[in-house]
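Both counts, for ligands and for their atoms, begin at 1 and track the order of listing. Everything numeric here is computed off the predicted structure, so don't read it as measured data. The residues of the chain are indexed from 1 along the displayed sequence.
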Amino acid sequence: MVDTTPSLAGLPPAIEDPARAPAVVLEPVDAAGVAGFPAARERWLEDFRRHIYGHAPEDGWRLDARSDRRAAVWGGHAWREEIVVDLATERGSRSWRILVHRPALPGPVPVLLGLNFAGNHTTTPDPWPTLTPAWVPVREAEGSPGGKAREADRGILARRWPFAELVGAGFAVATVYSGEIEPDRPDGWRDGLRPLFPDADPDRAPADAWGTLAVWAFGLRRSLDALLAVAPWADPARLAVVGHSRMGKSALWAAAQDPRIAAVLANDSGCTGAAIARRRMGERQVHLNARFPHWCCRASRAFDEREADLPVDQHQLLACIAPRIVHVASAEQDLWADPDGELLACVHAGPAWTLHGEPGFGPVPDPVPLDRTIGGRIRYHRRPGPHDLTATDWHRFLGTLRDHGW
Ligand code: GCU
């Protein structure tokens with residue numbers, strides 16, 4: 001099913017019939033050997049910065065974090081907490097809130113951190129989280145008009161955030177509203193983190209300056225800084241980032257760059273996420289750049305219909321995360337995100353794990369199973385149904401983390 005808002009009119013038709021998938025040649029990720037791998041990884045990261053996501057600032061900010069509010073929940077078995085993060089430069093400051101649900105244990109507990117689409121208050125029906133002061137998008141399916149956050153929007157996306165189950169399984173779950181990092185609109189840069197740094201205006205900035213996906217990835221990494229500073233209960237060796245769809249793209253990009261992220265769980269991330277660009281199946285760069293011109297850097301437009309000229313492909317994005325834990329998930333009907341292309345990226349990234357003496361991807365059963373996870377320390381699952389983050393996806397993600405002793 002193709003997501004048709006904003007419109008695809010005038011763009012090349014998306015090809016979704018698996019029978020029409022071209023065979024693609026992908027650069028092997030283990031060509032440089034184990035000794036050459038760190039340099040190869042740096043080269044891939046730089047290519048992704050230059051041509052897809054853009055360069056984020058590497059320094060020049062001050063970060064302050066504090067635990068602002070806290071309440072016991074679920075009969076005292078868990079805490080709910082809001083951590084306020086302030087990021088400041090000489091140009092000004094911005095702040096955002098991390099909503100945490102965690103077991104009432106001294107720790108150390110593993111942490112799942114993920115951006116949400118519409119505000120922390122939409123992730124639980126409980127009237128506790130602070131209503132975001134940031135702009136919120138229209139959520140047609142959930143009956144929310146967008147604009148200013150409303151009491152009536154509490155919990156509209158709670159189905160994607162099974163906090164009680166995750167905390168019951170021993171995890172702390174931390175979520176941040178992506179719109180407090182940067183609103184998801186072409187002019188959203190004005191109200192996010194970009195004005196804290198030089199070249200904020202994307203039309204005047206260098207063509208390889210950061211786009212929204214990179215700003216969100218930066219926000220995830222700064223949120224980790226904040227957690228590590230003020231959350232003594234968080235286990236610094238078991239930090240995972242999780243993301244659905246556009247937030248899955250940002251989660252992968254954050255993990256590719258930041259070795260503190262020990263695991264990434266990327267759900268239906270598709271184009272510029274886990275899907276191989278060269279297949280040109282489902283959403284392509286041309287569609288993404290036309291409908292979401294703010295997500296990637298301007299330089300990415302040169303590859304709109306020229307995927308084969310990209311110096312990297314998305315299996316190399318996954319390989320940048322080796323030998324840490326990667327779990328890519330697709331939905332069978334989500335052909336817009338190219339499930340076969342996401343699987344292919346895992347297969348071709350696998351040798352980056354074997355190179356490090358870790359289980360790679362292994363053989364792919366035919367047909368691809370819909371009832372289990374496949375792979376080694378880089379894994380994949382495909383579940384029946386459409387584009388969404390469901391209980392089944394969480395169940396399989398937790399299975400992977402448990403298998404690795406989390
Ligand atoms: C659109 C977009 C995708 C994105 C998705 C989402 O469908 O084209 O790239 O992943 O929205 O974030 O739900």
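Close approach to R291 involves these atoms of ligand 1, each under 4.0 Å from a residue heavy atom: 8 (O). Listed by atom number, the atoms of ligand 1 under 4.0 Å from F117 heavy atoms are 12 (O). The distance from ligand 1 to the heavy atoms of R246 drops below 4.0 Å at these ligand atoms: 1 (C), 5 (C), 6 (C), 10 (O), 11 (O), 12 (O), 13 (O).
Of the N and O atoms on the side chains of N116 and T123, not one donor lies less than 3.5 Å from an acceptor on the other residue.
At least one heavy atom of H387 sits closer than 4.0 Å to an atom of ligand 1. For M247, the heavy-atom gap to ligand 1 stays at 4.0 angstrom or more.
Between K249 and ligand 1, at least one pair of N/O atoms sits closer than 3.5 Å.
Checking each of F197, W295, F48, W189 against W210 for a ring pair (Phe, Tyr, Trp, His ring centres under 6.0 Å) leaves exactly one that passes, namely F197.
Across all their heavy atoms, R306 and D309 have their closest contact at NE-OD2, 2.7 Å.
The pair R190-D187 does not meet the salt-bridge criterion, since no charged nitrogen lies less than 4.0 angstrom from a carboxylate oxygen.
Judged by the 6.0 Å and 45° rule, R246 forms no cation-pi pair with W216.
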Inset, instruction - Verify side chain to side chain contact (heavy atoms under 4.5 Å, CB included) between F163 and R80, making sure each step is shown before the conclusion. - result: CA-CA 10 Å; F163 292 131; R80 179 152 59 197; over 6 Å; no
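Considering A14, S245, S269 only, the shortest heavy-atom separation from atom 5 (C) of ligand 1 involves S245.
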